[in-house]
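Structure, as structure tokens:
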Amino acid sequence: MIGQKQLIRHFYENPPAFEKQTVHVSGWVRTVRDSRTFGFIELHDGSCFQNVQIVFGDQLGNFREITKLTIGSSLNVTGTLVPTPDAKQPFEIQASDIDIVSPASQENPIQKKRHSFEFLRTIAHLRPRTNTFNAVFRVRSILAYAIHKFFNERGFVYVHTPIITSVDAEGAGEMFQVTTLDPDKIKPPADYARELLGRKTFLTVSGQLPVEAFCMGFRNVYTFGPTFRAENSNTPRHASEFWMIEPEIAFADLEDDMKLAEDMMKFIFTHVLENAPDEMQFFDRFIEPGVIERLEKVIRSDFAAVTYTEAVGLLEKAGKDFEYPAAWGENLQTEHERYLSEEVFQKPVFVIDYPETIKAFYMYLNEDGKTVRAMDLLVPGVGEIIGGSQREDRFDLLLERMKKDGMSETVYDWYVDVRRFGSFPHAGFGLGFERALMYITGMKNIRDVIPYPRTPNQAAF
RNA sequence: UCCGGAGUAGCUCAAUGGUAGAGCGGGUGGCUGUUAACCACUAGGCUGGGGGUUCGAGUCCCUCCUCCGGAGCCA
């Protein structure tokens, strides 16, 4: 029986091939509606976003049991696929046999009604059974593939940089400590030489530094993996564990970097629109009206770009009553970024050439001596989605900058080596995978695009 | 972490300091083409925890916890 099953996806891909045919499907009940002598089941089989309607009549021996099926119950169904040109759905299956594999408890918290995302987060293990999360996580999978496809087609080498690292903070944020020492048993100060790994270690906040070294051997490389930040951030766009894509390109400057970022964004948007049409239509209808058109517009048009200095000028003469007025040398506030991306440009916009004082030590110093070749990509609704830079490849300047920031040369000696033994201009960026997913789906909270989100106070499941 | 808001039935929410309610979901029954199905009946509550004021607290006060939104950190 199991070997003969067909997938609902195949019916939708080519309905005529199955019309009037006997089909076997297996799946889970989404809803049941019944009358005295017949009824309907919406069956979901996981192979695609869409369900298939099963029609059942009282000629079936287990008709009564079928009418009492609860949401989530699993079934094997045999029947005839018939077109239904006058109905909502293009076809349905008229059942000749329905085998109840396992009824679901009537206490199933997933009900035949709208649930709030907040509630569904508390049952993250049951969320995948809902329309929204089915769509979100299929698109997540498709998006991950699109990213690999983009880089693979361009000859990039995928590098697995370490999850556990001893490189303490490079400015990216607070780190989770990883230890084999039992905190309940050790007396301070801890003897980190007794760690299994022989030193104090953390979960990575970025794969950038280690991947830069691989750039030297493979020219164009990227990482794509989990990243951890121990910040006590409580916002819809921050998580303690998230995934990041970090390409690094050799013999390249900031303009090449921006071009790569723009090409990549357009590629992945296109790929998702082409490969998840049903899911995207769902988002467009129920999550964020207009999201498809927004993505299509972005694919057709060029991203905007302004220097930080120009951006501050725009903000100063905006005539807007910002809570914090923009000032050169200060970080752009979220309200500033929103104004730029949502009101001035109304599309993705690069802000480049930030003051050296507010950016990381490894960024290339401009000739003005005040700004660095950094870029942030801001998108409407999500904010900063990419942060990147051309790297400081001049040995002396890098050392000088590290000294100024009070950084340990011994911890970073291997990083400095990359410049010492044949330096070259290179650049890269970090794309927040979940932020890209939010932008594509219109989902408003990062907790709702991560299967089991980790945020302050939340590590269940 | 700071600021603001919210915790009441399985879910979403009502309820002048005076007997705790509705819709949906669940259960039972009805209905010959439903698709947010419909109609009738029905069960369901330590009002987030602790303390206080009061004859009386879901409601007022203190405190803690949790969640949501805004800010910061950033992707």
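Order of the sequence lines sets the chain letters (A, B, ...), proteins ahead of strands, with each chain counted from 1.
For the pair A/S35 and B/A37, the criterion of a side-chain N or O lying under 4.0 Å from OP1 or OP2 is not met. Dashed line: the shortest gap from a side-chain N or O of A/R121 to OP1 or OP2 of B/C68 is under 4.0 Å. A close approach under 4.0 Å does not occur between any side-chain nitrogen or oxygen of A/R33 and OP1 or OP2 of B/U34. Contact annotation: A/K359 side-chain N/O to B/C74 OP1/OP2 distance is not under 4.0 Å. Look at A/R64 and you'll find a side-chain N or O under 4.0 angstrom from OP1 or OP2 of B/G29. Under 4.0 angstrom from either OP1 or OP2 of B/U66 there lies at least one side-chain N or O belonging to A/N457.
Within 4.0 Å of A/S116, counting heavy atoms only, lie sugar-phosphate atoms of the nucleic acid but no base atom. Residue contacts shown for A/F40 include a base, since a base heavy atom lies under 4.0 Å away. Looking at heavy-atom distances under 4.0 Å, A/I446 makes contact with a base. Residue contacts shown for A/Q53 include a base, since a base heavy atom lies under 4.0 Å away. Across all strands, A/N445 comes closer than 4.0 Å only to sugar-phosphate atoms, never to a base (heavy-atom distances). When heavy atoms are screened at a 4.0 angstrom cut-off, A/T235 is found touching base atoms of the nucleic acid. Using a 4.0 Å heavy-atom criterion, one finds that A/E92 contacts the bases of the nucleic acid, with or without backbone contacts as well. Using a 4.0 Å heavy-atom distance criterion, A/K444 is classed as making no nucleic acid contact. Residue A/K112 is in sugar-phosphate contact alone, with no base atom involved, counting any heavy-atom pair closer than 4.0 Å across all strands shown. Residue contacts for A/R447: at a heavy-atom cut-off of 4.0 Å it reaches the sugar-phosphate backbone alone, with no base atom in range. A/A87 comes within contact range of at least one nucleobase, with a heavy-atom separation under 4.0 Å. When heavy atoms are screened at a 4.0 angstrom cut-off, A/Q89 is found touching base atoms of the nucleic acid. When heavy atoms are screened at a 4.0 angstrom cut-off, A/Q94 is found touching base atoms of the nucleic acid.
If you take atom P in B/G69 and the same atom in B/G52, they sit 35 Å apart, rounded to whole Å. Remark: the separation of the P atoms in B/C3 and B/C62 is 15 Å, to the nearest Å. B/C61 and B/C41: their C1' atoms are spaced 45 Å apart (whole Å). Comparing the P positions of B/U35 and B/C46 gives an interatomic distance of 36 Å, to the nearest angstrom. Straight-line distance between the P atoms of B/C68 and B/G50: roughly 24 Å, to the nearest whole Å. When the P atom is used for both B/C65 and B/G44, the distance is 35 Å, rounded to whole Å. If you take atom P in B/G29 and the same atom in B/A57, they sit 43 Å apart, rounded to whole Å. On the P atoms, B/G56 is 43 Å away from B/A40, given to the nearest whole Å.
Annotation for A/E174 and A/E231: closest pair N-OE2, 2.7 Å, computed over non-hydrogen atoms.
Residue A/N131 contributes atom CG, which lies 13 Å from atom C1' of B/U35 at whole-angstrom precision. Between the P atom of B/G70 and the CZ atom of A/F322 lies a distance of 17 Å, rounded to the nearest Å. The nearest whole Å value for the distance from the NE2 atom in A/H336 to the P atom in B/G70 is 17 Å. One can place CD of A/Q458 at 8 Å from P of B/C68, the figure rounded to the nearest angstrom. Rounded to an integer number of Å, the gap from CZ of A/F228 to P of B/A75 is 16 Å. Straight-line distance from the NZ atom of A/K88 to the C1' atom of B/A36: 8 Å, rounded to whole Å. Going from atom CZ of A/F56 over to atom P of B/U32 covers 14 Å, rounded to whole Å. The CD1-C1' distance, from A/I71 to B/G10, rounds to 12 Å in whole Å.
The base of B/U1 is not paired with the side chain of A/E231 by any donor and acceptor separated by under 3.5 Å. The base of B/U34 lies outside donor-acceptor range of the side chain of A/D34, with no N or O pair under 3.5 Å.
Of the candidate nucleotides B/G33, B/U12, B/A71, B/U12 has the atom nearest to the side chain of A/F119. Closest approach to the A/T37 side chain among B/G10, B/U32, B/A75 is made by B/U32 (side chain taken as heavy atoms from C-beta onward). Closest to the A/R237 side chain, of the nucleotides B/A71, B/G10, B/U28, is B/A71. Minimum atom distance to the side chain of A/M244 is reached by B/A75, of the listed B/A37, B/G10, B/A75. Listed candidates were B/U32, B/A36, B/A75. Nearest to the side chain of A/E384 is B/A75. Checking B/U35, B/U28, B/U12 against the side-chain heavy atoms of A/E42 singles out B/U35 as nearest. Distance from the side chain of A/R435 is smallest for B/A75 among the nucleotides B/A75, B/A71, B/G27. For A/Q111, whose side chain is taken as the heavy atoms from C-beta onward, the closest listed nucleotide among B/C11, B/G10, B/G27 is B/G10.
You cannot call A/F433 stacked on the base of B/A75; the centres under 5.5 Å and planes under 30° rule is not satisfied.
Nearer to the 5' terminus of RNA chain B, by closest-nucleotide assignment, is the contact made by A/N234 (compared with the other of A/T31 and A/N234).
Using the Watson-Crick or G-U wobble rule with both distances under 3.5 Å, B/A75 pairs with nothing in any strand shown. Pairing for B/U54 is absent, with no Watson-Crick or G-U wobble pair whose two atom distances lie under 3.5 Å. Pairing partner, B/C41: B/G27, with both Watson-Crick or wobble hydrogen-bond distances short of 3.5 Å. In this structure, B/C2 and B/G70 make a Watson-Crick or G-U wobble pair, each of the two defining distances being under 3.5 angstrom.
Using a 30° and 60° split on the angle between ring planes, A/H115 and A/F119 fall in the tilted class, from 30° to 60°. Ring geometry, A/Y308 versus A/W328: the interplanar angle exceeds 60°, so the pair is classed perpendicular (tilted spans 30 to 60°). Ring orientation note: the planes of A/Y412 and A/Y415 are nearly perpendicular, at an angle over 60° on the 30°/60° scale. Between A/F461 and A/Y452, the two ring planes are tilted [angle within 30° to 60°].
The aromatic ring centres of A/Y12 and A/F91 sit less than 6.0 Å apart. Annotation: A/Y222 is in aromatic contact with A/Y158 [ring centroid separation under 6.0 Å]. Here A/Y145 and A/H271 bring their ring centres to under 6.0 angstrom of each other. A ring-centre distance under 6.0 Å is not found for A/F345 and A/F350.
Between A/H24 and A/S26, the closest side-chain pair of non-hydrogen atoms is not below 4.5 Å.
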